[in-house]
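Every chain is numbered from 1 and lettered A, B, ... according to where its sequence line falls, protein lines coming before strand lines. Fair warning: this is a prediction, and the values are worked out from it, not measured in the lab.
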Number of protein chains: 2
Amino acid sequence: MTDSVRIRDEIADSESLAPAVTRAGAILDALAESSGEAAGPSELARRLGLPKSSIANICNALAEIGLVRRIGTGFALGRKLAELGGAYLASVDQVQEFYEECRILRAGSEETVQLAILDGLEMTYLARHDGRQPVRLTSQIGRRLPATHTATGKAALASLDPADLDRRLDGMDALPTMTEKSIATVEGLRADLDVVRERGYAIDDEETVEGVVCFGVMIPGRRPGEGPYAASITLLKARATDERVPLLIADLHRLAERLTDPLRADQRPGRDGSVIRR
Amino acid sequence: MTDSVRIRDEIADSESLAPAVTRAGAILDALAESSGEAAGPSELARRLGLPKSSIANICNALAEIGLVRRIGTGFALGRKLAELGGAYLASVDQVQEFYEECRILRAGSEETVQLAILDGLEMTYLARHDGRQPVRLTSQIGRRLPATHTATGKAALASLDPADLDRRLDGMDALPTMTEKSIATVEGLRADLDVVRERGYAIDDEETVEGVVCFGVMIPGRRPGEGPYAASITLLKARATDERVPLLIADLHRLAERLTDPLRADQRPGRDGSVIRR
DNA sequence: GCCGATCGTTCAGCATACTGAACATATGGC
DNA sequence: GCCATATGTTCAGTATGCTGAACGATCGGC
């Protein structure tokens, strides 16, 4: 493991036994970055460092199954992605329960509540409850944000066992910042995670967007190896008053309790991991 | 054609120049159907009629790029689908504008409003505005419903030129019904589409769900070859009073007007199709 | 506790998907 | 209006991804 040999540099074409699929993934990523704009085979080949004709073959296959659509002579993301994305979200039990539970939160139902899952050092946002606040502070579903600066991310990271956390932070020195208040160093992050563990919830005080504060709690995964989830409440800093915040924190803890696997919560920990679902 | 030689029967592996990608699409579809439940290589191979080892190779490649996730020894849809699905929705201008416009509708903002796009004879639902009605009547984003029974679908179909409509209905004899009131024949559908064109909007009167009525209007696509969109308002039949419905219809027409491409709406039709976007 | 069935994984040989160059087409500049 | 550039598409040869059978692991049943 000390042997840090550089195998390849471009996309992870490396050792896949189905390189066309790996490359298709790279193409989808590239199209997602240039959001909305169509890209032709030549441009994609240039960006990904792959042969032009291979790209064309894969894009045509992707177009046939609907994952991309043709815009004139180029390609853009296709509508089947919405279908499959919806199917994925529907398959995550927490998402369904999240929507139900959010509506019956005392104070939290008025605010913007979000559900996300940890993936590496990023959070993928899976669900959003829109409160009655007119301002749309939140990011769209499917968006990814750094776990190191978000309330959801810090709540999730704080729940990892130390070895796992070290593995994810391995090789990181400085953290890319989003605002002036963003934690910029790994040491600062570790110190904040200690506070999160003791406090029981995470705070993002204008670390992602200026003027906006978030509170986050961890929600454990239900299957082995499934990264922890987290829920957060987002509000304008002016609304985060001393009397309102405690109510929101209580709602978050209630939400986390309800979204924790009932089977796992009901039975005392210590039994074997055999859990029958559905 | 009397020669009934069976070339291939299972999935359309036929003539793709990137068969691994085509098969990956079939795998994703299969996983979407068995929603939530994980499926192993053997089961997928059986369902799709493809070699087991090929499936395993493709699944591992899909897992590496995050389109599927491993559940124990099996596979299920992965979280990158949520990311790409969100990116697709973000790339559709109508979706963004839909959310903004829905909130300022006079009567419609109270109800459930949906945006969908026509694809063959099905509608893919792209966006949903949740009104203040407590009942969640609507389908999730990304879900597909028959265009022949939904208000969105009939509004979209009615806007097609006759040749296009004939092509889509070619080979259909009886329509699969969803409720007792569903239109069951192609002739019945054609007659209803005539009414839709004259009336200016489509009605789904308990054709998809009993006790629920929908009104739909067509929204033209903005790029050549892009299937028509449609918007609908859904409500319990008891709420569809004689004084409320006209207000909702007016809101739908207003919405359609605002979601029609501004560039195309501003200039008189008749100019060439060269439209500069962004 | 043994056995039969089924599963996921491995591996070598062959068919075939990938590649690079050439073609045809569309575009912008002087 | 012409040329220079860049783009999407085609095609034959070859490297390589796909396949079927064998392996080892796991589960359920008489």
If the condition is side-chain contact (heavy atoms from CB on, under 4.5 Å), which residues does A18(B) pass it with, not counting sequence neighbours?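 A18(B) satisfies side-chain contact (heavy atoms from CB on, under 4.5 Å) with I58(A), A61(A), S16(B), V21(B) once adjacent residues are dropped.
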
From the set dG8(D), dC18(C), dT10(D), return the single nucleotide nearest to any side-chain atom of P41(A).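 So the nucleotide nearest the side chain must be dG8(D).
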
Go through dG20(D), dC18(D), dT9(C) for me and flag the one nearest to the R70(B) side chain.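 Nearest nucleotide to the side chain: dT9(C).
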
Measure from [atom1] on [X] to [atom2] on [N] and round the result to the nearest Å.
X: I58(B); N: dG17(D); atom1: CD1; atom2: C1'; result: 10 Å
X: R47(A); N: dT7(D); atom1: CZ; atom2: P; result: 13 Å
X: N60(B); N: dG17(D); atom1: CG; atom2: P; result: 15 Å
X: F75(A); N: dG8(D); atom1: CZ; atom2: C1'; result: 9 Å
X: L17(B); N: dT10(D); atom1: CG; atom2: P; result: 9 Å
X: K52(B); N: dA22(D); atom1: NZ; atom2: P; result: 13 Å
X: N57(B); N: dT16(D); atom1: CG; atom2: C1'; result: 13 Å
X: L44(B); N: dG8(C); atom1: CG; atom2: P; result: 9 Å

Any side-chain N or O of S42(A) less than 4.0 Å from the OP1 or OP2 oxygen of dG8(D)? yes

With respect to the phosphate group of dA6(D), does any side-chain polar atom (N or O) of R46(A) fall under 4.0 Å of OP1 or OP2?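 Result: no.
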
Is R144(B) salt-bridged to D119(B), cutoff N-O under 4.0 Å? yes

Would you say the side chains of Y229(B) and T152(B) form a donor-acceptor pair under 3.5 Å?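 No donor-acceptor contact under 3.5 Å links the two side chains.
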
Just by distance, with hydrogens left out, do R79(B) and T124(A) show a side-chain donor and acceptor under 3.5 Å apart?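 Not at all, the side chains of R79(B) and T124(A) share no donor-acceptor pair under 3.5 Å.
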
Would you say the side chain of T73(A) and the base of dG8(D) hold a donor-acceptor pair, judged only by whether the two atoms sit under 3.5 Å apart? no

Can you tell me how far the CE atom of M172(A) sits from the CG atom of D166(A), to the nearest 0.5 Å?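 It is 13.5 Å, given to the nearest 0.5 Å.
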
Using a cut-off of 4.0 Å on non-hydrogen atoms, how would the nucleic acid contact of A18(B) be classed: base, sugar-phosphate, or nothing? sugar-phosphate

